[in-house]
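Reviewing the structure listed below.
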Amino acid sequence: MSEAGSERKVGNPLWLLAELTYRCPLHCVYCSNPVDYTRYGAELSTDEWVRVLREARALGCAQLGFSGGEPLLRDDLEALVQEAHRLGYYTNLITSGVGLNERRIAALKAGGLDHIQLSFQDSTRELNDFLSHTRTFDLKYRMAQLIKAHGYPMVLNVVLHRQNIDHVEQILEMAEKLGAEYVELANTQYYGWAFVNRDHLLPSREQLERAEAATQRFREKVGDRMRIYFVVPDYYANRPKACMNGWGSVFVCVCPDGVVLPCHEARGLPGLTFPSVREASLQWIWYESPAFNRYRGEGWMKAPCRSCPERVKDFGGCRCQAYLLTGDPANADPVCDLSPYHRVVTEAVARAQRPTAAARPILFRDDRNARALSEAQAP
Ligand code: SF4
Ligand code: FES
């Protein structure tokens, strides 16, 4: 078994996530935006985004996701899609559907948008509207029909957690009714607002098993008509995910204010200064910046990862989860049962089996709560 130290050659990024804005009409309890999003500065202008798209394409990015917040709140989305298409990206709009209409979808289609991923919170109006703290269910339903009518494949994303996971069968029936070709049932990842609300969201093992069985039955019923992805919450695993396929390996995220990250959660990591596209080129940020080089390769790893044969497959898991759960991003992701901190995960899972124990009320993502959390985090 060899010790850590060998460095992987840095390849070019393939995946650009353009987080156009942190603004959002919805207030989802599991939002992955930073809990202190109100602290960050002005959004990039259209010209600045165009420069980012060109630089990232020149670096080698081929897949481009427009997300947020709600990317439809930017009225230059159509122009950015058009430029991205001209540059040769495969483009994906990740949206709640709020802000879409006949005129805009026609313009996005004409501009070359390849793919739309529409999110629902649940199959029932009551829970959809509760979890997003908005009356959006009926609108989303209409937007799903609009997307279909414009010839896009119907791609639905539903984030699963304790509050809605027992509705998996009804969610899949709704997807079938909407003519979905792809459904992503993505169990919540516990970062951002989902981490704050984890005691309300982490499902029990029994719920998870029932949902997986229901998904499997549905797959057998619909066959090839619908591809269904069921993403298990990693708290129930004993080895971590190879997060982002390794830090600074293929994925680059540009935040609304131009700060560049190797994953959408890294903003909160201590001791790192992530540069902005306003002050440096994407090329320098990707290849040269200390922040992007911090967790590349294996030299930063501690025991047990540094001598573990699995480090070449999972890169020690997720740096952001290691930080959130152990206080040190260089620790093994505590999802790993070889981590000395694994008990923090098993304790959260144990609490989820008796779900009356939440210490505080559920917090919706909104500016007031963001300011309060930001003040609570201030040194
Ligand atoms: Fe992965 Fe580290 Fe666990 Fe080994 S000890 S399986 S490298 S997280
Ligand atoms: Fe940041 Fe995994 S989300 S490294």
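Read the numbers this way: they start at 1 and go in the same order the structure lists the ligands and their atoms.
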Inset, instruction - Please determine if Arg267 forms a cation-pi arrangement with Tyr40, meaning its NZ or CZ atom is less than 6.0 Å from the six-membered ring centre and no more than 45° off the ring axis. - result: yes
Legend entry - Geometric class of the Tyr190/Tyr235 ring pair [parallel <30°, tilted 30-60°, perpendicular >60°]: perpendicular
Inset, instruction - Would you give the angle at atom 1 (Fe) of ligand 2 between Cys320 atom SG and Cys263 atom SG, to the nearest 10°? - result: 100°
Legend entry - Close-contact set for ligand 2 against Cys243 heavy atoms, below 4.0 Å: 2 (Fe), 3 (S), 4 (S)
Inset, instruction - Name the orientation class of the two ring planes belonging to Phe364 and Phe130 (parallel below 30°, tilted from 30 to 60°, perpendicular beyond 60°). - result: perpendicular
Inset, instruction - Test the Arg296-Trp286 pair against the cation-pi criterion, namely NZ or CZ under 6.0 angstrom from the six-membered ring centroid and within 45° of the ring axis. - result: yes
Inset, instruction - Find out whether the Lys NZ or Arg CZ of Arg74 is both under 6.0 angstrom from the six-membered ring centre of Phe66 and within 45° of the ring's axis. - result: no
Inset, instruction - Considering only Ile, Leu, Val, Met, Phe, Trp and Tyr, and joining two whenever side-chain heavy atoms are under 4.5 Å apart, list the other residues clustered with Tyr341. - result: none
Legend entry - atom 5 (S) of ligand 1: nearest protein contact (heavy atom, Å): Pro304 CG, 3.6 Å
Legend entry - Enumerated ligand 2 atoms positioned under 4.0 Å from heavy atoms of Cys318: 2 (Fe), 3 (S), 4 (S)
Legend entry - Minimum-distance N/O/S atom that Asp314 presents toward atom 1 (Fe) of ligand 1: OD2
Inset, instruction - Using a strict 4.0 Å cut-off to heavy atoms of Cys336, name the atoms of ligand 1 that fall inside it. - result: 3 (Fe), 5 (S), 6 (S), 8 (S)
Inset, instruction - Could you tell me which atoms of ligand 1, counted from 1 in the order shown, lie closer than 4.0 angstrom to a heavy atom of Arg239? - result: 6 (S)
Legend entry - Residue and atom name of the nearest protein heavy atom (relative to atom 2 (Fe) of ligand 1), distance in Å to one decimal: Cys305 SG, 2.3 Å
Inset, instruction - Report whether Leu100 and Leu26 are members of the same hydrophobic cluster (ILVMFWY, side-chain heavy atoms less than 4.5 Å apart, transitive linking). - result: yes
Inset, instruction - List every atom of ligand 1 that sits less than 4.0 Å from any heavy atom of Arg311, numbering the atoms from 1 in the order shown and giving each element. - result: 7 (S)
Legend entry - Side chain, backbone, both or neither: Pro240 near ligand 1, heavy atoms under 4.0 Å: side chain
Inset, instruction - Give the numbers and elements of all ligand 2 atoms closer than 4.0 Å to a heavy atom of Arg319. - result: 4 (S)
